[in-house]
Amino acid sequence: MTENVINLHKPTDPPTGANAPTLLTVVPDPAPTPRLPLWVRSGRAIKAAATDEGTKTVVRAVARHGLYTFNGGRIVARRTWDGRTGARYERMIRAAEASGNLEVAEEWEERLQRFREARHRRRMDLLHSPVEVAKGAAVGTGMGIGVLVALGVIMAINTKHPADVITPLAATIDFIAALLRIVQIVWGPALTIGPFLALLALWSVGAHQKAAPAWSMPDNVRSNEGEPITPSIVVKALRDLGVPALRNAIKEMGDAGASMLGPIRIAGCGVEVDVTLPSGVSTIEVQNRRRKLAENLTRHEHEVFIMLPVAARTVRLWIADSGALDEPIGPSPLATDETMTADYKKGRAPWGQDLRGDAAGLSLYQRHLLITGLSNQGKTAALRSLALWLALDRQVDFLIGDLKGAGDWAMFTGRARVLIQGPTDEHVIEVTEMVESAVDEMNRRLQAPPGTEFPPLIVLVDEAQVAFMCPLKDEEKRPYGGSKATSRYFMAVRKIHNQGRAVNVLMWQGTQDPTDQNLPKLVREGAHTRASLALGTESQARMALGDKAVDGGAAPNLLRPGLDKGTVVVASDGIDIPAGQSSITVRTHYIDTDTAYAICERAKALRDNVTTLHAIDRGEVRDPLADIATVMGDAARVRTKDVLSRLGALDASTYGEWSFLDLTRVLDGTGAEPYKSDGVMTIARDRIVRALADRGNEGSASASQ
């Protein structure tokens, strides 16, 4: 019997497999998004459309081409105005005057005068031209009709038809009528199309000149502004330089000109690369195209320097980062390091930085110095910074003449032995006597026993052009200024240049706007260190630095007046110049007046008890000609040797160190010059008396006038 067991417990696990129930999941609908207002949705759409790159491109294109047309019209109007008026000449005159170059200004003024005269003649001719034109037209018409009739007569004779006499005349009339009909047909469309053609011509002028702001230019053009320097860019810039031989050589090179270039090296705030020019291309052809080369490299002219290294047919290009040279350099170490001292013999003055950003130190040991430039370019500040450093050497003495008199050197009171400040002729006399006293000191040192050590003596004259241009003369009719052998200031400077460095007597001069009159050739060539700030012309650059430096690439005339203040081009063996170059460009540290006073106070603390004279102590002024007559007594003739010894006995302080040259200098031009008698140089008393009498007569004549 089978038992059926019934389980009364309800299972809790749900069934699986085919018997599993189907589960339905109910997902609620998402909450509806609130609808934004119409003005919000419109604003977002407008913003998205306005900021889209395609919209920006279209806006830039419309603005660019519109400005091309507008600015093209301005360019054409400017050219027309310049051609019809003297505006171009007046701009050149103002630019020359602003740079202080009066010679160039006068040249442009002469050109303007010639232009006005030619324009006046043309206008006067217009008064007579209508009558002349009428006469010419009448004569031409008559001759033309005569020629046509004569041609018709020939045709009539040939064809035996008398009517052919007027055939050429009739044909001409028909031709003129046809031209008039053509003009009538074309005139209407020409009036319609003409303005569009004019606008197209203006657009072409503006597009050629790229007369639109940078933001409106295409991306590829805007990205070229200040782009990094690569070999391809340098080669392209050289290829487009306008030198046919260079362009053809680059085209023929298998590597597209890359073999000309050395490695591009980082050099301070720019890069440097050597370019070996192909045969047939001179380095001067590249140097003369500096502006075009800079523009090809997307740089300004002042941001590219062309130098000549040792290797032949090679130019070294230094290319600044765009805008880097307009950034100021750091303060001078003299202002930041209060413990700094100077060493005249072994040290170097911290003058500034070269274009590579390296510190530029200048050795001042036994080197005469000349610095020049246009007015208000930082000449005094650059010269003063050197003197401030050297003042920290307690052994150095200063004789300073400031012929500007604006207080730029007042801080040296208590440090300089002599400090003369002022622009007048009387100050020039004082400065001249100061330099002559340095000559006397130099002569004393030269006559000292061999091996004697002498402390450095710096004779510094700022605004020296005032001394060279001084018109005054002394009692002996010798001029203080000028460039002749009788000029007192000129000769004193020349003597120091000739022999001063051997005994540490050095001449420093600062001048402005150099010419042959205010900076004589012999004086500027006597300086061992020559530096120049911005100048107006290449001829002035040659005066300042010499032909060798300018031929080697030095170009202070290409510095920007007002913008490159304190930037000097230096030619000297006292500063580190790259091999093969003849000069180096230095951006000098600027030391303001307050800082200069603080530095001088430190210098005074190193050397106390220096009394500064603000005028030359002349003492008793003696008359050499009268003293010579006195020491000769009644003797008819006295040997020059005896005259010198008697003068020394009369006043040792004045005549004790006189030589035969001093005696000759005093008597030169008086008619009482020494002469040889019996093989001995002699002075005649009657000639001395006659010279004194002549001088007295000249004085009486001057007083009566």
Side-chain angles (χ1 to χ4, degrees), residues 429-430 432-449 470-496 498-499 522 616-705:
I429 294 174
E430 293 276 349
T432 301
E433 293 177 348
M434 177 192 78
V435 179
E436 289 176 337
S437 69
V439 174
D440 295 337
E441 171 64 16
M442 177 190 72
N443 291 332
R444 184 188 68 81
R445 294 183 178 189
L446 289 170
Q447 297 174 20
C470 179
L472 293 187
K473 296 183 179 181
D474 61 12
E475 296 83 359
E476 300 176 8
K477 306 300 181 182
R478 296 180 61 204
Y480 287 94
S483 58
K484 296 182 179 179
T486 56
S487 167
R488 291 182 59 176
Y489 181 80
F490 171 79
M491 288 305 298
V493 173
R494 286 292 298 143
K495 290 177 181 178
I496 295 178
N498 289 338
Q499 297 177 299
L522 292 178
I616 298 298
D617 184 10
R618 298 180 177 85
E620 181 184 357
V621 179
R622 303 200 65 96
D623 185 348
L625 199 59
D627 286 344
I628 292 172
T630 300
V631 299
M632 290 185 68
D634 297 332
R637 294 181 301 175
V638 179
R639 294 189 303 172
T640 55
K641 180 180 179 181
D642 295 336
V643 171
L644 287 172
S645 63
R646 295 177 186 181
L647 287 173
L650 177 66
D651 189 342
S653 62
T654 302
Y655 304 115
E657 297 183 359
W658 266 36
S659 65
F660 175 73
L661 293 178
D662 296 307
L663 189 61
T664 303
R665 174 180 56 82
V666 168
L667 298 178
D668 188 30
T670 63
E673 294 85 352
Y675 64 96
K676 185 170 291 188
S677 176
D678 297 331
V680 179
M681 295 302 295
T682 307
I683 298 176
R685 186 180 184 280
D686 59 341
R687 297 184 182 181
I688 296 293
V689 173
R690 190 182 307 116
L692 286 170
D694 292 342
R695 190 177 66 182
N697 294 335
E698 291 179 2
S700 300
S702 300
S704 63
Q705 293 176 357

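Positions are given from 1, in the same order as the sequence printed here.
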* Structure fact -> Nearest heavy-atom approach of Ser677 to Arg637 is OG-NH1, 2.5 Å
* Any side-chain heavy atom of Glu433 within less than 4.5 Å of one from Arg488? -> yes
* Closest approach of Lys495 and Val439, non-hydrogen atoms and distance? -> CD-CG1, 3.8 Å
* To do: Please check if the side chain of Ser487 supplies one atom and the backbone of Lys484 the other of a donor-acceptor pair under 3.5 Å.
  => no
* **Gap separating the CG atom of Leu647 from the CG atom of Asp627, nearest 0.5 angstrom** => 6.5 Å
* Asked: So which heavy atom on Val435 is nearest to which on Ile496, and how close?
  -> CG1-CD1, 3.9 Å
* Could you give the distance from CG (Leu522) to CE (Met491), rounded to the nearest 0.5 Å? -> 9.5 Å
* Asked: With respect to Ile683, which candidate in Asp642, Val638, Leu667 satisfies the side-chain contact (heavy atoms from CB on, under 4.5 Å) definition?
  -> Leu667
* Structure fact -> d(Glu436 CD, Met442 CE) to nearest 0.5 Å is 11.5 Å
* **Minimum side-chain heavy-atom gap Arg665-Leu661 below 4.5 Å** => no
* Asked: What is the distance from atom OG1 of Thr640 to atom NZ of Lys676, rounded to the nearest 0.5 Å?
  -> 10.5 Å
* Does Val680 offer a backbone N or O that forms a donor-acceptor pair with the side chain of Asp678 under 3.5 Å? -> no
* Reported OG1-to-CD distance for the pair Thr432 and Glu430, which is rounded to 0.5 angstrom -> 9.5 Å
* Between OH on residue Tyr480 and CG on residue Leu472, distance to nearest 0.5 Å -> 7.5 Å
* Could you list the residues that satisfy side chain to side chain contact (heavy atoms under 4.5 Å, CB included) with Ser483, not counting sequence neighbours? => Phe490, Pro520
* **Under 3.5 Å donor-acceptor, Asp668 side chain and Thr664 backbone** => no
* Structure fact -> Heavy-atom nearest pair, Arg646 first then Val631, reads NH1-O, 2.9 Å
* What pair of heavy atoms forms the shortest contact from Ile688 to Met632, and how long is it? -> CG1-SD, 4.1 Å
* Any side-chain donor-acceptor pair under 3.5 Å between Ser659 and Asp662? -> yes
* Atom of Tyr655, atom of Pro624 and distance for their closest heavy-atom approach -> OH-CA, 3.4 Å
